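Heads up: the structure comes next, in structure tokens.
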Amino acid sequence: EEHAVTFAAGLAAAGMRPVVAIYSTFLQRAYDQLIHDVALQSLPVIFAVDRAGIVGDDGATHQGAFDLAFLRVIPGMTVIAPRDEEGLREALAFALAQAEGPVAIRYPRGAGLGVAAREEKLVAGKGRLLRRGKDVGLLAIGPCVNAALEAAGALARERLEVAVADLIFAKPLDGDLIEELARCRRLVTVEEGALAGGVGSGVLEELARRGIAGVRVKRLGLPDRFLEQGNQEGQRMELGLDPAGIMVAVREVMGLAFPQPAGAKASEVG
């Protein structure tokens with residue numbers, strides 16, 4: 001991994017556009033090269049970060065828990081987390097068009113959803129508002145967006161109007177979109193990555209930077225512990241990252257008393 005990243009830096013310095021495909025958990029081994037060989041020189045290396053998030057049967061050593069947090073802090077790094085295979089195509093086209101600076105695209109283990117082609121292009125640092133609502137704003141990223149949409153649809157039957165935004169970019173975050181959903185005064189962030197230093201933390205930072213106070217924020221993500229081996233569906237249920245868990249989080253941030261599934265516990269309120 002270390003050699004691959006440094007070699008890619010050399011290719012980029014010579015005018016090529018290398019794409020480095022590495023599992024999230026193994027990209028950790030090349031962190032020094034990410035910073036010193038690529039980012040410090042603002043070289044246009046593209047990182048295809050495979051197995052990002054919960055990996056199921058791949059085992060505890062392969063859980064892609066940390067890439068959102070460790071990539072967000074690197075100056076000049078762009079981090080994209082598409083919600084489906086069409087979003088991955090858009091992200092790769094976007095990355096190949098960038099003149100300088102590294103771009104990391106994280107995607108999960110597993111099959112695509114079979115979505116239709118979209119005639120959309122990514123705009124740097126801009127997410128998308130997928131559903132409007134006034135009660136709670138759901139700020140999700142990656143495949144969690146699909147679970148958030150399902151949860152919002154189910155909550156509509158309870159007469160709760162829940163807005164859903166696909167952040168798309170973990171860095172730079174779409175501050176305008178965050179501010180728009182903050183008008184709900186209640187936010188839930190959803191990511192399949194470590195809560196410590198992750199996208200939810202970035203949302204809190206953006207609210208503070210803009211001086212937006214009085215917003216209740218609940219963050220869903222991976223807890224401060226190593227995840228054991230287990231199937232993806234079961235672990236998402238345990239961590240409250242499935243539609244049912246997101247529904248619980250929305251009710252909690254609204255102060256509604258509903259029964260909570262046993263697994264929905266990997267969350268924090270700020």
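Please read all numbers here as calculations on a predicted model, not as lab measurements.
- Residues L187 and V253 are not in side-chain contact: their nearest non-hydrogen atoms beyond the backbone lie 4.5 Å or more apart.
- When atom types are taken as modelled, the side chain of E192 and the backbone of I54 share a donor-acceptor pair closer than 3.5 angstrom.
- A search for ring pair (Phe, Tyr, Trp, His ring centres under 6.0 Å) contacts involving Y31 returns F70, not counting sequence neighbours.
- F47 and I22 fall within the same hydrophobic cluster, where Ile, Leu, Val, Met, Phe, Trp and Tyr residues are linked whenever their side-chain heavy atoms come under 4.5 Å apart, directly or through other members.
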Open item on the list: Run the side chain to side chain contact (heavy atoms under 4.5 Å, CB included) test on L138 and V190 for me, step by step, so that the C-alpha distance in whole Å, both residues' side-chain angles and the decisive distance to 0.1 Å come before the verdict.
Closed with: CA-CA 7 Å; L138 277 174; V190 194; 4.2 Å; yes
TODO: Verify side chain to side chain contact (heavy atoms under 4.5 Å, CB included) between M254 and V136, making sure each step is shown before the conclusion.
DONE: CA-CA 8 Å; M254 290 194 67; V136 177; 3.3 Å; yes
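- Judged as a salt bridge (Lys or Arg N to Asp or Glu O under 4.0 Å), and not counting sequence neighbours, E100 has no contacts.
- Counting only residues at least two apart or on different chains, the ring-ring contact (aromatic ring centres under 6.0 Å, His included) pairs with a member in residues 77-117 are F94-F169.
- Within the structure, no pair that satisfies the side chain to side chain donor-acceptor pair (under 3.5 Å) test touches residues 144-157, not counting sequence neighbours.
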- [ ] Kindly determine whether V38 and V5 satisfy side chain to side chain contact (heavy atoms under 4.5 Å, CB included), including the steps that lead there.
- [x] CA-CA 8 Å; V38 177; V5 173; 3.8 Å; yes
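- Shown are L181, L139, I141, V215; of these, the side-chain contact (heavy atoms from CB on, under 4.5 Å) with V203 is made only by L139.
- Looking at L222 and L239, their side chains come closer than 4.5 Å, going by heavy atoms from C-beta outward.
- Applying the ring-ring contact (aromatic ring centres under 6.0 Å, His included) test to every pair with at least one member in residues 114-143, sequence neighbours left out, gives no pairs at all.
- Every salt bridge (Lys or Arg N to Asp or Glu O under 4.0 Å) that R29 has, sequence neighbours left out, goes to E1.
- Within the structure, side chain to side chain donor-acceptor pair (under 3.5 Å) pairs that include any residue of residues 62-75 comprise S24-D67, Q63-Q235, D67-R106, R72-E205 (at least two apart or interchain).
- Going from atom CG of L34 over to atom CG of L71 covers 6.5 Å, rounded to the nearest 0.5 Å.
- Residues forming a salt bridge (Lys or Arg N to Asp or Glu O under 4.0 Å) with E191 (at least two apart in sequence, or on another chain): none.
- A salt bridge links R89 with E86: at least one charged nitrogen is closer than 4.0 Å to a carboxylate oxygen.
- The stretch residues 119-153 participates, sequence neighbours left out, in no ring-ring contact (aromatic ring centres under 6.0 Å, His included) pair at all.
- In E233, the CD atom is not crowded: 12 or fewer heavy atoms of neighbouring residues, nucleotides or ligands sit closer than 6.0 Å.
- By the rule that hydrophobic residues join a cluster once side-chain heavy atoms approach within less than 4.5 Å of another member, L68 and I35 end up as members of one cluster.
- Considering only residues two or more places apart in sequence or on other chains, E228 meets the side-chain contact (heavy atoms from CB on, under 4.5 Å) condition with none of them.
- Every residue meeting the side-chain contact (heavy atoms from CB on, under 4.5 Å) condition with R128, not counting sequence neighbours, appears here in chain and number order: E90, R118, E120, L122, L130, I168.
- Looking at E180 and R132, a side-chain N of the basic residue comes within less than 4.0 Å of a carboxylate O on the acidic one, giving a salt bridge.
- Applying the salt bridge (Lys or Arg N to Asp or Glu O under 4.0 Å) criterion to E206, with sequence neighbours excluded, gives R209, R210.
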